[in-house]
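What follows is a short report on a single structure.
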Amino acid sequence: MSEHETSTSTPSNFIRQMIDEDIAANKNNGKVATRFPPEPNGYLHIGHAKSICLNFGIGEDYKGTCNLRFDDTNPHKEKLEFVESIQKDVRWLGFDWGKQHYFASDYFEQLYDFAVQLIQKGKAYVCDLNAEEMREYRGTLTEPGKDSPYRERSIVENLELFAKMRAGEFEDGTKVLRAKIDMTSPNINLRDPTIYRIRHGVVHHQTGESWVIYPMYDYTHCLSDSIEGITHSICTLEFEDHRPLYDWFLDTLETASHPQQIEFSRLSLQYTITSKRKLTSLVDDGHVASWDDPRMPTIAGMRRRGYPPEAIRDFCSRIGVTKSENTVEMGVLENCVREALNEHAPRRMAVLNPLKVVIENYPEGQVEQLQVANHPQDESMGKREIPMSREIFIDKDDFLEVAPNKKFKRLTLGGEVRLRNGYVIRCDEMINNDNGDLIELRCSYDPATLGANPEGRKVKGVIHWVSAEHGIKAEVRVYDRLFNHPTPDSAKDGQEYTVHLNPESMAILQDCVLEPALACAKQGDRFQFEREGYFCKDPAVSATGLPVFNRTVSLRDSWAKIEKEAAKSA
RNA sequence: UGGGGCGUCGCCAAGCGGUAAGGCACUGGGUUUUGAUCUCAGCAUGCGCAGGUUCGAAUCCUGCCGCCCCAGCCA
């Protein structure tokens, strides 16, 4: 693993308990083999992270294996770009599939042979019903379906027809291969499901144009699992109804191995969506800039936002694995991110909304290099120099002419504050422009207060600052939730989920001033800007050529809470 | 109204017949040159509801109620 490692022992869950029991019973000779089977039709998101941590985590902890297998049976929706992004994201999360890297399309020939076997056993037939007719024949949830008129074709005829399907002799949609199971089953998945369809003219990212028939998920997945010797095939709850089908194919074909399908509930995160269709449309319709837009709940987005991979893994272990519906609060993820970053991110000072301060009794032309710790609790992170001079910037929010209440600890006219890592200053005068806007503060400093408390008085507040002459300009992007509804995905009222998009999900601050040590930050480097939050250097450069930093997450802010309460009661 | 699941604190989640873990959130105290961090304390006589079995039930039984998924030639 390339990133810092926080050793969090994975809590057990019902799946691990089942595996423990299997091992105790010496099932599969005690071996454990899982797989993570994404379809390359989009970028991975936080929900996939849960599945990745589950499957790869089990592979590691049980000294077994976890295959990466692309479920690439629908070339219409799939792209090489997505297989590449998926590989990158899994690796970045900290998992390694070794040589166990497969595509379902690797098995197309074997899958075809299995289908021939099914036909020979009288368990599959070529059906000429079109999509609409097939829907009619399927029946409904409460009424049984009826047999297709093509259901009793002879084995010989089916064999011949299926070979012609492969040879490209039929148009799209004119024929399918179906499993012959039970049109009256109360489980709709068992009403003679389609297992092969015809698709001319699509270039598959792996197999090119060598196939014009493509197998369906239910048929492909169980057989791929079996071919790879998977022992525990873990998937989400909506496939529970498909398990009888999964088992039917493996039993009917008498395969050498019969993996066990186990279902768990997918993750929902408040204020986000994890539907691939909707994520795709966010990108395609321009609601976000790209799949790795820092507001996206994708792995790539979170990486660019500055989330450390260990925070995501920690999150996945904290939320647990069960079969119950769940919607996890954002606070849990944010807490994981803060926890990881608090420990590892070096501290820096950055002024996001600059207000100029002239320290009138500070000698003109004097520059002091202050030695400052990179981390208040971790000396091993070393020190850096911060220049102090007569003119500095502080944040506009850290000054108010008159304190609004006794709890206010920042700078006021006539009041004192500590400059973080520096001196105590007092504000003597406010300078306004012609419009009456505050543009500058005149202050004085107490030279005896560097690393020492002032004589005879207490200074409660501490504010951050940057030397005006030495600071570097930067753009800072401050993100908020992409949606302003806790469950934007559940559009019960028939509304499009886009009505819940938060128009203020990104604020761009272009006049920020950073301490000079930040000049050598490399893309992806993560810092705490003291009193502001955690930030990450973005690969982009601003329109005006400035470096760009993304706010990963704010610091926990109990003052904001107090202000909110005050505003409420006022 | 067919089939398959799920209901334990605001949100997750342990619990597997012996008397409700933990995390997040929240509330209050302490330390602090980040209103951060750290730290201490508090936070379900109660497990969807109603009966029953038992010395004893969140755990077993029965009956209700609520929520989710399934009628793609998507996965």
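Just so you know, these numbers use all the heavy atoms, side chains as well, and skip hydrogens, waters and symmetry mates. Below, chains carry the letters A, B, ... as their sequence lines are ordered, and counting in each starts from 1. As the structure is a prediction and not an experimental result, all values here were calculated from the model.
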Which is true for A:Gly173 with a 4.0 Å heavy-atom rule: it touches a base, it touches only sugar-phosphate, or it touches nothing? base

Which part of the nucleic acid does A:Leu269 contact within heavy-atom distance under 4.0 Å: base, sugar-phosphate only, or nothing? nothing

Quote, to the nearest angstrom, the C1' distance that separates B:rA13 from B:rG7. 14 Å

Check for a donor-acceptor pair, side chain of A:Ser275 on one end and backbone N or O of A:Lys278 on the other, with a separation under 3.5 Å. yes

Pick base, sugar-phosphate or nothing for A:Thr140, based on heavy-atom distances below 4.0 Å to the nucleic acid. base

Which atoms of nucleotides 26-32 of chain B (N or O only) lie under 3.5 Å from a protein N or O atom, and what are those distances?
from: B:rC26; atom 1: OP1; to: A:Lys561; atom 2: NZ; distance (Å): 2.8

Out of B:rC6, B:rU34, B:rC73, which has the shortest distance to the side chain of A:Val176? B:rC73

Interatomic distance where CG belongs to A:Asn187 and P belongs to B:rG5 [whole Å]: 10 Å

What's the CG-P distance between A:Asn74 and B:rC74, to the nearest Å? 6 Å

B:rC74 phosphate, OP1 or OP2, under 4.0 Å from A:Arg199 side-chain N/O: yes

By the 4.0 Å heavy-atom rule, please label A:Phe239 as base, sugar-phosphate, or nothing. base

Please list, for nucleotides 15-17 of chain B, all pairs of protein and nucleotide N/O atoms separated by less than 3.5 Å.
from: B:rG15; atom 1: OP1; to: A:Gln17; atom 2: NE2; distance (Å): 2.9
from: B:rC16; atom 1: N4; to: A:Gln17; atom 2: OE1; distance (Å): 3.0
from: B:rC16; atom 1: N4; to: A:Gln17; atom 2: NE2; distance (Å): 3.1

For A:Asp71, answer base if it contacts any base atom (sugar-phosphate contacts may also be present), sugar-phosphate if it contacts only those atoms, and nothing otherwise; contact means non-hydrogen atoms under 4.0 Å. sugar-phosphate

Any donor-acceptor N/O pair under 3.5 Å between B:rG22 base and A:Arg318 side chain: no

Validation row: A:Cys316, A:Val321 side chains within 4.5 angstrom (heavy atoms): no

Can any side-chain N or O of A:Asp314 pair as donor or acceptor with the backbone N or O of A:Glu310 at less than 3.5 Å? no

Which value, rounded to the nearest 0.5 Å, describes the distance between A:Gln369 atom CD and A:Ser467 atom OG? 9.0 Å

